Participant: 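Could you have a look at this structure, given as structure tokens, before my questions?
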Amino acid sequence: MSTVAMITARGLFGRRRALMLLPLPLLLIGLAALCKSFDVEPTNWGQPVIEALGFAVVLPVIALIVGTGVLGSEIDDGTLVHILTKPLPRRDIILAKYLVAAVVTAITTSIPLYVVGLLTGSAAFAGALAIAAVVGSFAYTALFVLLSLLTRRPVLLGLVYILIWEGLLGRWVSGTRVLSIEQYVITIADKIHPTTMLTGQVSVTTAVVMSALFVVVSTVVAINRLGSFSLAGETS
Amino acid sequence: MTTSVETTPTTAPAQTPAGVIDLQNVSRWYGNVVAVNDITMSLNAGVTGLLGPNGAGKTTVLHMMAGFLAPSKGEVTIHGKPAWRNPAVYRDLGLVTEREAVHAFLTAEQFVLACAKMQKLKDPAGAARRALELVEMTDAADRRIGTFSKGMRQRTRVAAALVHEPKVLLLDEPFNGMDPRQRMHMMELLHRLGDNGHTILFSSHILEEVEQVAGLVQVIVAGRLAASGDYRKIRRLMTTRPHVFAVRSSDDRRLAVALIGEKSVSGIEIETTGMTVRASDYGDFTRVLPRIALDQGIRLHQLVPSDESLESVFSYLLEA
């Protein structure tokens, strides 16, 4: 399992797409720092920077890059075969890859969100944002690792989920929020340290239970799908 | 009527195949395209060549054997266990795919060592070193795979597939992209492994490759098993088949008259650009032609075999 994790991590940071992980967190911190330097009240910039940029864009997009990077790119370039031709339970392979993805995403998103929280002037709020980002990282990457096994275009499908389902439908159709990781994350952060900057739109029970369900169901289905992984033949 | 109940269990095992790799009436289709059609084969220790033109279904067969494709019908077993959805088979099976994807950021040694560790070997470092020695990659072992030539990459992948000393090794077009020396070396390696009791199956669309390595050949054409057995028998079939030659000379008509009396010539057509000669015996015809031309004082400008495409060779085999 550690060997799979090692190859996965090296593959993730060995590719150029790893550089794509940097600009978004920097943008997030930069914007917050800018507002702070102009002495704008956090209540004025908190919502757009933290919710609309941090939780709605930075967190899911980084999870998408990493989540599809740990498995999807190995499927694309065919290197996954070297891992699959080993007598390893498919569960171990998925768990190793998932954990690498979730931890990398959690680090890349919780740190900038923590910094942004500090810039609002509250260490407790900063902690709440970081914890919510960690929860979101685990839920999102589980989903995106699974998408890598369900479709040849996991990035596209992931973007549809982030932009259409969460971004568009989530705004206007309240029922879709039950299946929106973004809403769980906002609710969890808001529950840990309530502020006027964030407004949770689902109950905290829903947020916690559904986050766990996303992780468990996605992982179980992914393990099963990997067991039936097929190689395309010469005819394709 | 007299058959007793007890005889059934004793006869049943005799009917079940005892090969290392067994395919029982295996078919595989994609939508309504049939890639592999009702193939039954049983492979044992030694080197077997899987021969067929491109698109015949060789890769599909190999992928089913390696557990990377479910047969639509029939059963594929390795040592009696199903290959599909059974990762345990990889303890004793190595696969070298045609697609030469490798983790380019690892060195050859790191890559083979990682494979040894994932196989949970007792001495992964030792196993990796032995595997790299076997394919003569020790000198380049600490270089990143991304910097390798195609042949070196191929050998590294073979080392990775052999690191746990599997009894079964499947290779898809292993000689593609290798230079003659590397090819020779790989052939020797496969020979050696086959002689040591490993079951080796490699696919190729080039008869000469198969002939140099494999004692046994399975020929697949259009998804069906066209021929199976000793390569010499198949080779004979291929050399005694009718051959077609395009011939141009200083006097086609006079040459045609002289040639048609020969037993090895079964037909001649004269065209404006030369003539087409059908020979029933390749060897005889190629010996007779220059002699006749010399006797008749005719100068030969061109002699080109015109049906040497693999497809025509294989379709002939299919008919034979």
Side-chain angles (χ1 to χ4, degrees), chain A residues 1-19 69-97 100 104 148-149 152 220-236, chain B residues 28 30 33 35-36 54-64 66-70 84-106 110-120 124 144 146 157 160-161 163-164 166 170 172-173 203 205 223:
Chain A
M1 180 143 156
S2 61
T3 309
V4 178
M6 184 275 288
I7 292 179
T8 304
R10 290 197 56 175
L12 198 58
F13 293 109
R15 291 173 213 267
R16 203 160 285 170
R17 65 197 282 171
L19 292 174
V70 292
L71 193 59
S73 42
E74 283 193 1
I75 294 174
D76 276 349
D77 65 19
T79 50
L80 185 66
V81 174
H82 298 298
I83 293 173
L84 290 182
T85 48
K86 303 295 176 291
L88 301 170
R90 275 30 191 161
R91 184 196 62 222
D92 292 4
I93 298 175
I94 288 292
L95 286 182
K97 288 188 168 290
V100 169
V104 169
S148 309
L149 286 163
R152 300 291 270 176
V220 168
V221 178
I223 291 166
N224 186 47
R225 288 289 297 198
L226 191 67
S228 310
F229 185 82
S230 296
L231 278 176
E234 57 199 321
T235 41
S236 69
Chain B
R28 169 74 207 197
Y30 298 93
V33 178
V36 167
N54 289 323
K58 302 188 296 290
T59 300
T60 306
V61 167
L62 278 172
H63 284 176
M64 284 194 285
F68 279 110
L69 207 53
W84 179 242
R85 278 188 83 93
N86 182 14
V89 297
Y90 300 120
R91 216 162 277 145
D92 225 356
L93 182 145
L95 171 70
V96 181
T97 55
E98 186 180 11
R99 207 170 156 191
E100 50 168 310
V102 259
H103 297 90
F105 49 86
L106 297 176
Q110 286 169 339
F111 175 62
V112 179
L113 181 64
C115 288
K117 283 182 178 162
M118 288 192 280
Q119 285 287 354
K120 308 229 155 70
R144 284 200 11 239
R157 297 192 314 131
V163 74
H164 56 300
L170 308 173
D172 199 358
E173 298 278 354
S203 73
H205 60 277

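Below, chain A is the first sequence line, B the second, and so on; all start at residue 1. Remember, predicted model here, so these are calculated numbers, not experimental data.
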Participant: Please classify the contact of A:L226 with chain B as side chain, backbone, both or neither, using a heavy-atom distance under 4.5 Å.
Facilitator: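 No part of A:L226 comes within 4.5 Å of chain B.
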Participant: If you round to the nearest 0.5 Å, how far is CD1 of A:I7 from CD of B:Q110?
Facilitator: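 With rounding to 0.5 Å, CD (B:Q110) is 9.5 Å from CD1 (A:I7).
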Participant: Do A:T85 and B:M118 make a side-chain contact, defined as non-hydrogen atoms from C-beta onward lying under 4.5 Å apart?
Facilitator: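 Not in contact.
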Participant: So for B:R28, is it side chain, backbone, both, or neither that comes closer than 4.5 Å to the heavy atoms of chain A?
Facilitator: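 No part of it gets close to chain A.
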Participant: Has the side chain of A:R10 got a donor or acceptor atom that lies under 3.5 Å from a matching backbone atom of B:L106?
Facilitator: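 Not a single qualifying donor-acceptor pair exists.
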Participant: Roughly how far, to the nearest 0.5 Å, is the NZ atom of A:K86 from the CG atom of B:L93?
Facilitator: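 Separation between the atoms: 10.5 Å.
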Participant: Are the side chains of A:R90 and B:P87 in contact, using a 4.5 Å heavy-atom criterion?
Facilitator: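 Answer yes - side chains close enough.
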Participant: Please round to the nearest 0.5 Å and tell me the distance separating atom NZ of B:K117 and atom OG of A:S2.
Facilitator: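 Reported value, rounded in 0.5 Å steps: 7.0 Å.
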Participant: Measure the CZ-OG1 distance between B:F111 and A:T79 for me, rounded to the nearest 0.5 Å.
Facilitator: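 Output value for this atom pair is 9.0 Å.
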Participant: In terms of heavy-atom pairs under 4.5 Å with chain B, which of A:I83, A:L80, A:L84 leads?
Facilitator: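 Answer, by heavy-atom pair count under 4.5 Å with chain B: A:L84.
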Participant: With heavy-atom distances below 4.5 Å as the criterion, would you say the side chains of B:Y90 and A:L88 are in contact?
Facilitator: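 Sidechains of A:L88 and B:Y90: no contact.
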Participant: Kindly give the heavy-atom pair with the smallest separation between A:H82 and B:A101, and that separation in Å.
Facilitator: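 It is NE2-O, 2.7 Å.
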Participant: Might you point out which heavy atoms bring A:F229 and B:W84 nearest each other, and give the distance in Å?
Facilitator: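 In terms of heavy atoms, the two residues are closest at O-CZ3, 3.9 Å.
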Participant: Between B:R91 and chain A, which part of the residue has a heavy atom less than 4.5 Å away: side chain, backbone, both or neither?
Facilitator: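 Interface part for B:R91: both.
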Participant: Would you mind reporting whether B:L95 and A:V81 have side-chain heavy atoms less than 4.5 Å apart?
Facilitator: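 Heavy-atom side-chain distance check passes, below 4.5 Å.
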Participant: Please flag which part of A:D76 lies under 4.5 Å from any non-hydrogen atom of chain B: side chain, backbone, both or neither.
Facilitator: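 The backbone, not the side chain.
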Participant: Counting heavy-atom pairs under 4.5 Å with chain A, which one of B:D172, B:V102, B:T97, B:L113 comes out on top?
Facilitator: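 Ranked by heavy-atom pairs under 4.5 Å with chain A, first place is B:V102.
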